[in-house]
Asker: 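Before I ask anything, here is the structure I am working with.
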Amino acid sequence: MKKIFTTLALIVFALVAFATDGIFSDEGGGVITKQKVKKTAFSHVVESWHVPYRLTPGTLPHTVRKVHNAAANGLTANFSVQDGSSQQSVWAENFDATNSLSAWTIDQGEGNQITFELKNASTSFSTIDEHNVTSLHIEGGYSMPRRTKGYATSGQITIPANSQLHAYVSMSSNMSNYASLVIQISDDDFETASDLWTSADVTTSGRQWVAVDCDLSAFAGKTVKLRLYYGPGKGDSVGGSLADFYVDGMTVTGVNSIDQITVKTGERIQFVDLSIGTPTSWLWSFPGGTPTTSTEQNPEVYYEQPGTYDVTLKVKDSEGEDEVTKTAFVNVEGQSPIAGVIWPSEFRDYNTRMRMVAPLAPVTYKDNSQLYPTSYMWTMMSEYEVSGSTIIPKIYYDKDVEYIHEKLNKYYVTHIVQNETGYDFVDDSVQVQFAGLVTNFQKGDTYHTNFVDGEITLPGANTMGITAWAEKISKPSQPVLMTSMFINFTKASASELTEQITPVTFSLYTSENGLPGSRIDILDTWTISELNYAMNNAGGAVEMELSKNYVIDDEVFVVIDGIPAKNDNFECAFAMAPLRDNGNTAYMLKNDEWRPFTGYFQAAPGGQTSLAVYPYFSYSVLFKADVEAETNVVTRDDTPTEVGKEAGTVAIPVFAYLGVAQYVESSASWCRFTGSPQGEYTVENVTVEYDTLPEGIDEREALLTVTDGVQPLQLRVVQKRSAATGIEGVTLKDTKKHATAYDILGRRINSTSTQKGIYIIDGKKVVR
């Protein structure tokens, strides 16, 4: 499959390279030229696509010129940045010396339950500091009744202006239920204290080194002490236990004045005011940056294009002002863009695991690339075009593309982006079909249930404060009708009657800021015993018996709640995809807060997955059709229907995959529906009658609205004095006399090579 994608991308690339000048050339970017494409085999060319291309920055000045205008009262403008090259350490503790802890005051809590000792971490700090010897290990007791609080307090530290605290803590957020580590600061020997950082705020899971960076500007000029405080976990106040932490690389830094910084495009720069005096206002100028100006004392800026840039700071106080310009202060190195796509929908066809989009309807592909591309290219090709002898794809150069897939089944999508440094591409495929079971499982995902232990069966029953589970369903490319849903259960057993009859509820929720919002409706309710029976007699696939069909035209969540807490006599679980590092659609309600799986059971970006929730969706595809009378060839027709000046009737063919459910209204009394919708044909004639055009009026228009029960369609009827008379609708042939099959464009299909999909047999819908 990847080979097909790569070949498609190369074909597209070659077409563009030969057909255009400068779009993919060596000028300013080192990108593959026509000559390189001609001389290099495709297998070698694609490898070179992944080589990072970088512009050579222009020659920098040998010296950096400063422009100063000093104020009479001594106010002097100056600035720097919070960056490794500008930071000056004023205090450090690496816990490498054997007597490191002698400089700290240790309190091990009641019964000396908390230990502070120097040892090697399970994940060595040498991965961050190659000269590391040991780290500080802090561990609580493993008896819950003996949980307590303890701390290690540093000696005195004088804090300079623009200072920061840097440290690393090795931890797992799974410990937050049992204990927390807080880094505190105090300037009165801990009569009062401020929390700088707490492990309870860390959401990534799995043992890892977490970087700590804290602003100390509020303590500038003061003498302080730092404290490593081991205390209670979430929902407790007594103390901590059953958890441990490692601490290393602690430093307090100030900022030196520097003359130049080198960054890459998109990297954020924290500027720092180092002016002498007490300015009351600041005006920064960052030509080429974002933002270009700022009145903050310490603004944050980034640059989208490579090059060298000046920075100017003007400061004022009540007696005067001063200004400094550092020429070529920021040297920005370019980065090749990273191609990305926002797909028309993210859910996938259950069988092919490709994203499922609607046919014969406009869908939008949006660029989601990073690192500032300046050129864009798209192409879409059906599998029938790819299997043909000649591929001449249509190419689009817009950032975003609206496209109508005119054939069913697989479409290959290629998106290439470029800037003056280099380029990147995405090649993938989508499944074009009207209806089917959908899933968020990706290709290669299998049914899986993780973490079966004394606390949790994931996803399902647990004792960790997780009370509900949710699966995100993306906004569809066109509105869909949800008619049924399956959920794959793996366990549902209970020995106690009260738990056997516990109702497990399946609901549809809105999406608010990417998390489950409010309940739309309860889809179904099952007891544990009913789930057990259905699971054992249907291979685990439990079908929700929806009381009605649901129109889905936005992102929603399927929420499962009511599962009792896990115990020795009860267990309930449903399937999910294996944990991966992308594509998370699974969420959990833990301690009354919704959060994604991402980074919880594994360190981020790991721990991502999807729940085994499978809605059945039918796309609403509704448009005015053009049906060729002799062959029944069906195509879209977005033009108005024109009628003559005399009264009469006209039949307007309408393609409705779900069938025309209702004639809604007409905007004008002179033009109206006759009859009623049949609702059983893919293409249906909507018959409209109209009155004679009054004298003195040359043209008038009416809008007639029909619906398939999901979305409306407006049919424009224009009556003109100059239009031809006697316009008649298309008479669809009698299917009893004609058994010829046509594809969704109405083209005749050879019965010996009929392709799977939806076909129109003389106007009727047939599934093969």
Side-chain angles (χ1 to χ4, degrees), residues 28 54-88 160-164 213 215-218 220 253-337 370-374 419-421:
R54 181 173 295 171
L55 280 180
T56 301
T59 302
L60 301 180
H62 293 292
T63 58
V64 179
R65 181 171 59 92
K66 296 182 182 179
V67 179
H68 248 303
N69 296 312
N73 65 345
L75 178 67
T76 305
N78 192 18
F79 62 85
S80 187
V81 294
Q82 284 281 10
D83 176 74
S85 62
S86 67
Q87 289 178 354
Q88 178 183 21
N162 301 300
S163 63
Q164 289 187 320
D213 297 289
D215 180 30
L216 301 181
S217 58
T253 60
V255 176
N256 284 330
S257 177
I258 60 174
D259 291 328
Q260 189 176 72
I261 182 175
T262 297
V263 297
K264 296 185 181 299
T265 49
E267 290 184 352
R268 296 185 177 271
I269 309 168
Q270 182 67 61
F271 282 85
V272 175
D273 170 44
L274 295 183
S275 300
I276 298 173
T278 55
T280 55
S281 67
W282 301 262
L283 178 60
W284 298 80
S285 176
F286 307 106
T290 302
T292 57
T293 63
S294 176
T295 57
E296 296 180 11
Q297 183 178 8
N298 301 309
E300 187 177 76
V301 181
Y302 65 93
Y303 294 80
E304 297 184 7
Q305 301 300 323
T308 55
Y309 299 92
D310 300 347
V311 175
T312 299
L313 171 63
K314 178 186 288 187
V315 293
K316 291 183 179 180
D317 63 14
S318 59
E319 298 184 24
E321 63 182 45
D322 187 38
E323 177 180 317
V324 62
T325 296
K326 295 187 180 182
T327 61
F329 182 77
V330 182
N331 174 35
V332 182
E333 296 180 350
Q335 298 189 83
S336 298
Q370 303 175 44
L371 302 180
Y372 317 110
T374 54
N419 60 23
E420 60 181 352
T421 305

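For reference, positions follow the sequence shown, starting with 1.
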Asker: With distance as the sole test, does E267 use its side chain to make a donor-acceptor pair with the main-chain N or O of Y302 at under 3.5 Å?
Answerer: no
Asker: Carefully, step by step, assess F286 and F271 under the rule ring-ring contact (aromatic ring centres under 6.0 Å, His included).
Answerer: CA-CA 11 Å; F286 307 106; F271 282 85; 4.8 Å; yes
Asker: So, T292 side chain and G289 main chain: donor-acceptor pair closer than 3.5 Å or not?
Answerer: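 Looks like no, no N/O pair under 3.5 Å.
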Asker: With no hydrogens and no angle check, is any side-chain donor or acceptor of T76 less than 3.5 Å from a backbone partner on G74?
Answerer: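 Pair found, side chain donor or acceptor close to backbone of G74.
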Asker: How close do S86 and S80 get, counting heavy atoms only, and between which atoms?
Answerer: CB-OG, 3.6 Å
Asker: What distance separates K264 NZ from E333 CD, expressed to the nearest 0.5 Å?
Answerer: 4.5 Å
Asker: Look at the side chain of E323 and the backbone N and O of V315, then say whether any donor-acceptor pair between them is shorter than 3.5 Å.
Answerer: no
Asker: So do I269 and V330 actually touch side chain to side chain, heavy atoms under 4.5 Å?
Answerer: yes
Asker: Might you point out which heavy atoms bring T421 and P306 nearest each other, and give the distance in Å?
Answerer: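 Looks like OG1-CG, 4.3 Å.
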Asker: Is it the case that the side chain of Q87 and the backbone of G84 share a donor-acceptor pair, with hydrogens and angles ignored and the cut-off at 3.5 Å?
Answerer: no
Asker: Okay, side chain of D273, backbone of Q297: is any donor-acceptor separation there less than 3.5 Å?
Answerer: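 It does not hold such a pair.
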Asker: May I ask you to test the V255-Q82 pair for a side-chain heavy-atom distance under 4.5 Å?
Answerer: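 Yes, at least one pair of side-chain atoms sits under 4.5 Å.
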Asker: Would you say the side-chain atoms of K326 pair up with the backbone N or O of N78, donor to acceptor, closer than 3.5 Å?
Answerer: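 A pair under 3.5 Å: no.
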Asker: How far apart are the closest heavy atoms of P299 and S294, and which atoms are they?
Answerer: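 Heavy atoms only, the tightest pair is CB-OG, 3.4 Å.
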Asker: Are any of the side-chain heavy atoms of W284 and V311 separated by less than 4.5 Å?
Answerer: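 The answer is yes; the side chains approach within 4.5 Å.
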Asker: Say whether, by atom type as modelled, one donor and one acceptor occur between the side chain of N162 and the main chain of S217 under 3.5 angstrom.
Answerer: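 It does not hold such a pair.
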Asker: Within the 3.5 Å criterion, strictly below it, is a donor on Q164 or D215 matched to an acceptor on the partner's side chain?
Answerer: no
Asker: Ignoring hydrogens and angles, state whether a donor on the side chain of T325 or T312 is under 3.5 Å from an acceptor on the partner side chain.
Answerer: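 Yes, T312 and T325 have a side-chain donor paired with an acceptor closer than 3.5 Å.
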Asker: If the plane angle is over 60° it's perpendicular, under 30° parallel, otherwise tilted; pick one for F329 and F79.
Answerer: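 Correct class here is perpendicular.
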